*Asks:* 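Dropping the structure in here first, questions after.
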Amino acid sequence: MQKTLYSLIELQEIDLNLDKVEEERGDLPSIVEKIKTTLEKKKTLLIEQKELITKLKVDSKTIETELGSLKVQLKKYETQLYQVKTNKEYDAIANETENVKKKIDDLENMIIESEEKIENLTKSNDQIQFDIEKLSTDYDENNVALQEKISASSEEENLLKNEREIVEKKLTNQQINAYQRIRSAKKGIAVAYCNGGVCSGCFSFLPPQKVVEIRSMKKLYHCESCGRILVWDKNKE
Ligand SMILES: [Zn+2]
């Protein structure tokens with residue numbers, strides 16, 4: 001058991017050093033990730049809006065063709081209007097003329113609306129393009145800084161990870177799992193020292209009998225109030 005407890009102490013030390021390596025990278029990993037996500041969203045939006053502009057332009061062409069033939073038809077009706085013989089015929093053609101005029105109005109309004117939409121989308125795309133360029137520069141700068149930090153500490157990180165693997169082999173899966181569980185629940189500290197009769201993790205007092213038992217390092221004790229594994233601090237002797 002003594003060996004297990006010392007291995008757990010070792011594991012805790014290694015993990016705290018790994019935490020430090022991670023901390024030195026600071027906010028950079030999350031900043032880089034955030035910029036990347038925003039950048040991807042903007043790029044997708046730009047593509048979507050460009051496609052929409054193309055579609056609006058194609059639709060406008062179709063409408064313009066239709067307008068062209070309606071205008072031809074209108075001319076035809078207007079000529080016919082002068083050649084009619086009866087009132088009935090006149091009314092019929094006048095009615096058709098009104099219908100065509102209304103259709104032409106509607107289609108012309110559709111083209112105006114479509115042009116407005118295209119104008120707004122083009123403006124919006126210019127802004128997005130500007131944002132994308134700015135974000136790309138931000139991304140590159142932050143990513144270079146992050147990669148530099150990673151490579152500066154990667155050697156240390158690899159050494160620590162190797163040490164960790166060696167220590168892990170000295171422990172059972174059950175012990176490692178319990179350690180991990182406490183570590184993630186208790187702010188990264190799974191192993192606490194008994195310092196002057198107090199748990200170094202939560203500062204609660206330990207019964208004197210328990211202090212004696214912990215000192216012997218013969219059994220795995222958990223702090224009754226915080227649940228951390230309690231070990232004896234040799235340096236305090
Ligand atoms: Zn405690």
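Here the structure is a predicted model, which means the values were calculated and not measured. Order of listing sets the numbers, starting from 1, for every ligand and every atom in it.
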*Asks:* Using atom types as modelled and distance alone, determine if a side-chain donor or acceptor of Ser124 lies under 3.5 Å from a backbone N or O of Asn120.
*Replies:*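 No, Ser124 side chain to Asn120 backbone: no donor-acceptor pair under 3.5 Å.
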*Asks:* Check for a donor-acceptor pair, side chain of Arg228 on one end and backbone N or O of Ile189 on the other, with a separation under 3.5 Å.
*Replies:*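 Indeed, once roles are kept as given, a pair shorter than 3.5 Å links the two residues.
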*Asks:* Mark yes or no for whether Asn142, through its side chain, and Asp138, through its backbone, hold a donor-acceptor pair below 3.5 Å.
*Replies:*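 Answer holds: yes.
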*Asks:* Taking the side chain from Gln12 and the backbone from Val191, do they hold a donor-acceptor pair closer than 3.5 Å?
*Replies:*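 It does hold such a pair.
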*Asks:* In a check of salt bridge (Lys or Arg N to Asp or Glu O under 4.0 Å) between Asp15 and each of Lys187, Lys20, Lys161, Arg183, which one passes?
*Replies:*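 Option passing the salt bridge (Lys or Arg N to Asp or Glu O under 4.0 Å) with Asp15: Arg183.
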*Asks:* Are the side chain of Asn158 and the backbone of Ser154 linked by a donor-acceptor contact shorter than 3.5 Å?
*Replies:*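 At least one qualifying donor-acceptor pair exists.
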*Asks:* Measure distances from the Zn ion (ligand 1) and count the protein N, O or S atoms below 2.8 Å.
*Replies:*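 Excluding waters, the total comes to 4.
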